[in-house]
Amino acid sequence: MKHQKKETKEPNLSTKKKIADEILQQVGGSVIFVLLLIAAAAIGMVGWLSITSKKTELTEESNAVSNQLTGFLQQYTKNVEQLAVNPEIQFVMEHTAPGDNIAQTAKIDTVIDNLAKIAATDSENVLAVWISDLDASSFIQSDGLTSEEGWDITGRGWYRCIETKQTILTEPYVDSSTGKLVLSAAAPVIDDATGTVLGAVGMDIALDHMTKIMSEYKIGNNGYILLLSENGTYLYHPQNDLIQKNMKDSDISQNVVNAIASKQDTFLRYQADGVAKYGFLKRAGNTGYVVLSSLPLTEYYSILIVMVLALIVLFAVGIFMIAVRIRKSAARLTRPILELNKTAQQLAAGDLDVELQITSENEIGELGASIQKTVNRLKEYIVYIDETADVLAQIANGKLRIELKNDYAGEFQKIKNALFHISDSMNEVMAGIHESSERVSIGATELATASQALADGAQTQASSVEQLTAATNTVADQVENNRTKADVSAKATAQAADMIGQNQENMKQMMIAMHNIHETSQKVVSIIQTIEEIASQTNLLSLNASIEAARAGDAGKGFAVVADEIGKLALESSKAANTTKELIEISMEEINKGNAIAEGAVNSLKESVSAVGRVNEMIQETAENAATQAESMEHLRAGIREISHGIQDNSAASQETSATSEELASQAERLNQMLQRFELSK
């Protein structure tokens with residue numbers, strides 16, 4: 001069984017991958033993927049912590065301001081609630097009747113003195129303390145100011161405390177005397193005995209202190225606190241031109257307005273002055289006022305952005321350092337592999353004089369030691385290779401008798417046996433070739449002689465075939481001419497047959513027309529008979545009419561004349577009908593004669609068509625025979641041409657064979673000379 005050598009495909013060195021690059025791609029890719037996951041998780045956690053801290057900061061700031069505002073306002077609501085239960089104030093209101101001047105009521109001086117003292121305790125914030133009687137529709141302040149005549153208590157902003165019987169804080173307003181932003185804390189004065197409302201007590205509180213507190217609150221670099229009333233009026237805003245304006249008239253998103261209307265504390269993202277902001281909306285207790293923290297979106301996410309950028313830079317540097325480290329480690333690991341590859345290439349090129357300098361103490365070091373042992377063993381086989389090369393060179397020089405001095409060990413014993421086998425086989429082959437070359441030389445000489453004789457005979461046959469070809473061409477031309485004339489005659493007879501057939505068809509149409517005329521004449525005769533019967537009946541009626549007219553005497557004379565005329569008309573109609581009938585009968589006799597003549601003509605045309613058809617068939621058969629003869633002559637002429645070409649080809653082949661035989665004889669002689677170079681073993 002022969003062993004087939006497997007072809008190994010050499011790798012494309014220009015596109016080969018480096019182990020270091022693959023290590024970097026696989027290990028580095030996994031590490032980078034893990035780092036990216038860690039980075040994403042870190043960014044998520046940092047973002048969550050950052051956003052949570054900012055949200056908490058905004059919430060705490062709003063709560064702090066709300067609590068401070070609540071505490072600031074609750075002290076005044078408690079004060080007015082205490083004033084509302086003051087016995088002296090209740091006494092004044094109980095004793096002030098409609099139309100009375102409250103300033104002249106008993107104990108009013110004591111009340112005014114108490115109001116002035118209360119106002120003096122907080123003169124910075126409290127502008128005035130006052131009481132107002134519901135029955136008299138009048139009020140008096142701590143500074144002694146009394147309402148004018150016609151003053152209406154129901155038109156005051158704090159009148160709602162009387163309607164609801166609860167302490168309230170009014171919407172801020174600008175005080176006309178001081179120009180300050182003021183709100184009033186008002187409480188109803190209720191009669192304990194009857195539960196009826198006697199009037200109201202209140203304090204006018206300046207908001208300067210409160211707005212100052214608001215201005216001191218800073219959130220981050222650009223954040224601030226907004227203070228709004230229950231209906232959405234700005235009480236404090238860093239932009240002074242917005243104070244006392246309703247938020248609906250400013251550039252703020254609708255969700256803030258909706259949140260204030262819902263009276264719920266909530267965290268918002270909203271638009272204000274064309275800038276996206278975050279803030280926490282907090283109600284200041286039961287005061288009705290609302291605190292809204294405000295921080296721009298960019299600052300809200302500033303820590304997150306900084307942390308993300310820092311993490312990106314940090315992880316980018318880390319990934320770069322890891323890639324560099326993996327690259328260096330991979331290069332250090334692949335350096336011995338490159339050394340082994342270089343040694344393998346030298347061995348593949350046939351250079352066995354190599355030394356490996358690999359000091360690695362891992363699997364690569366073991367591989368290097370194994371390759372070094374293999375190289376040492378190959379060096380021992382160089383002697384076998386040299387002797388084998390010398391023997392093959394002797395065989396190439398024609399010395400087929402060989403001698404091997406070394407004792408081949410192992411697998412090289414097969415090489416020794418193969419060399420002896422080659423020597424024996426080459427001796428046998430060369431001897432056989434020498435014997436065959438002598439026989440080929442003799443046969444080539446004989447073949448050359450026979451080929452020359454064959455070429456001479458082929459030339460004689462070629463000349464004879466050329467004469468036969470000329471005669472055949474003449475006969476073929478005559479047959480073709482006859483076939484052409486037969487085709488023309490066949491076409492002419494066919495046209496004549498068609499014309500006779502058309503005439504026959506016309507005669508048939510004429511006979512049909514005469515038959516139709518005959519039938520029509522028969523119908524006319526029946527009509528004439530009907531007319532004759534009508535004429536007879538009319539004549540009979542005329543006779544009867546004449547008889548009846550005669551019976552009538554003079555009265556029937558006119559009718560007799562008419563009957564006579566009708567009888568005459570009937571007689572003439574009968575005569576005309578008889579005449580027409582006689583003419584039609586004569587025409588029918590003539591038509592019958594014409595039909596007989598036409599039938600004879602049709603029969604004659606049928607016989608003519610049959611005769612022409614038979615002639616046409618004979619001519620067609622002649623034309624077909626001529627065509628068959630022409631085709632046969634053409635085949636004969638083609639066969640003769642092929643014979644001529646074959647004879648010419650045989651002649652040329654004979655001459656070429658003769659020349660080849662001579663060349664074969666000379667090559668056989670040359671082969672004998674070449675075989676003499678080999679020394680055959682005996």
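Count residues from 1 along the sequence. Predicted model only: the values in this text are computed from it and were never measured.
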Chemist: Checking Ser253 side chain against Gln271 main chain: does a donor-acceptor pair fall under 3.5 Å?
Modeler: yes

Chemist: Does any part of the side chain of Gln141, heavy atoms only, come nearer than 4.5 Å to the side chain of Leu115, both counted from C-beta?
Modeler: no

Chemist: Taking the side chain as C-beta and beyond, is there a heavy-atom pair between Ile108 and Gln104 under 4.5 Å?
Modeler: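 The answer is no, as the side chains (C-beta and beyond) never meet within the 4.5 Å cut-off.
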
Chemist: Could you pull out all residues at least two apart from Asp204 that satisfy side chain to side chain donor-acceptor pair (under 3.5 Å)?
Modeler: Trp130, Tyr173, Ser184

Chemist: Lys55: what forms a side chain to side chain contact (heavy atoms under 4.5 Å, CB included) with it, not counting sequence neighbours?
Modeler: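 Thr59, Phe267, Tyr300.
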
Chemist: Can you find a heavy atom in the side chain of Leu183 that is under 4.5 Å from one in the side chain of Tyr289?
Modeler: yes

Chemist: Which class fits the ring pair Phe72 and Tyr76: parallel under 30°, tilted 30 to 60°, perpendicular over 60°?
Modeler: perpendicular

Chemist: If we ignore angles and hydrogens, is there a donor and acceptor under 3.5 Å between the side chains of Ser229 and Glu171?
Modeler: yes

Chemist: With the side chain counted from C-beta on, respond yes when Tyr301 and Pro296 share a heavy-atom pair under 4.5 Å apart, and no when they do not.
Modeler: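 No; the side chains remain at least 4.5 Å from each other.
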
Chemist: Is Lys263 salt-bridged to Glu230, going by a charged N under 4.0 Å from an acidic O?
Modeler: yes

Chemist: Are Ser262 and Asn258 packed together at the side-chain level, in the sense that at least one heavy-atom pair is separated by less than 4.5 angstrom?
Modeler: no

Chemist: Does CD belonging to Glu216 count more than 12 external heavy atoms closer than 6.0 Å?
Modeler: yes

Chemist: Is it the case that over 12 heavy atoms from other parts of the model lie below 6.0 angstrom from the CG atom of Asn286?
Modeler: no

Chemist: Taking C-beta and beyond as the side chain, do Val291 and Leu69 meet within less than 4.5 Å on heavy atoms?
Modeler: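 Yes, close enough: below the 4.5 Å cut-off.
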
Chemist: Under 3.5 Å, is there a donor-acceptor pair linking the side chains of Asp113 and Thr110?
Modeler: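 Short answer, no.
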
Chemist: Got a donor-acceptor contact below 3.5 angstrom from the Ser294 side chain to the Ile225 backbone?
Modeler: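 Checked: no pair found.
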
Chemist: Quick test of your reading: applying side chain to side chain donor-acceptor pair (under 3.5 Å), list the pairs with at least one residue in residues 236-245, sequence neighbours left out, ordered by first then second residue.
Modeler: Gln239-Asp273

Chemist: Is there side-chain contact between Leu297 and Arg269, with at least one heavy-atom pair below 4.5 Å?
Modeler: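 Yes - at least one pair of side-chain heavy atoms lies under 4.5 Å apart.
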
Chemist: Using the rule side chain to side chain donor-acceptor pair (under 3.5 Å), only one of Asn101, Thr105, Asp135, Asp133 pairs with Thr96; which is it?
Modeler: Thr105

Chemist: Answer yes or no: is there a donor N or O on one side and an acceptor on the other, between the side chain of Glu299 and the main chain of Asn222, under 3.5 Å?
Modeler: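 It does hold such a pair.
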
Chemist: Is it the case that more than 12 heavy atoms not belonging to Trp48 sit under 6.0 Å from its CH2 atom?
Modeler: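 Open.
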
Chemist: Does the side chain of Thr167 come under 3.5 Å of the side chain of Glu81 through a donor N or O and an acceptor N or O?
Modeler: yes

Chemist: For a 4.5 angstrom cut-off between non-hydrogen side-chain atoms, does Ile153 reach Phe139?
Modeler: no

Chemist: Would you say the side-chain atoms of Asp100 pair up with the backbone N or O of Ile102, donor to acceptor, closer than 3.5 Å?
Modeler: no

Chemist: Would you say Glu88 and Asn114 are linked by a side-chain donor-acceptor pair, where the criterion is simply a distance under 3.5 Å?
Modeler: yes

Chemist: Tell me whether Lys212 is salt-bridged to Asp208, with the criterion being a basic N under 4.0 Å from an acidic carboxylate O.
Modeler: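 Not counted as a salt bridge, because no side-chain N and carboxylate O are separated by less than 4.0 Å.
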
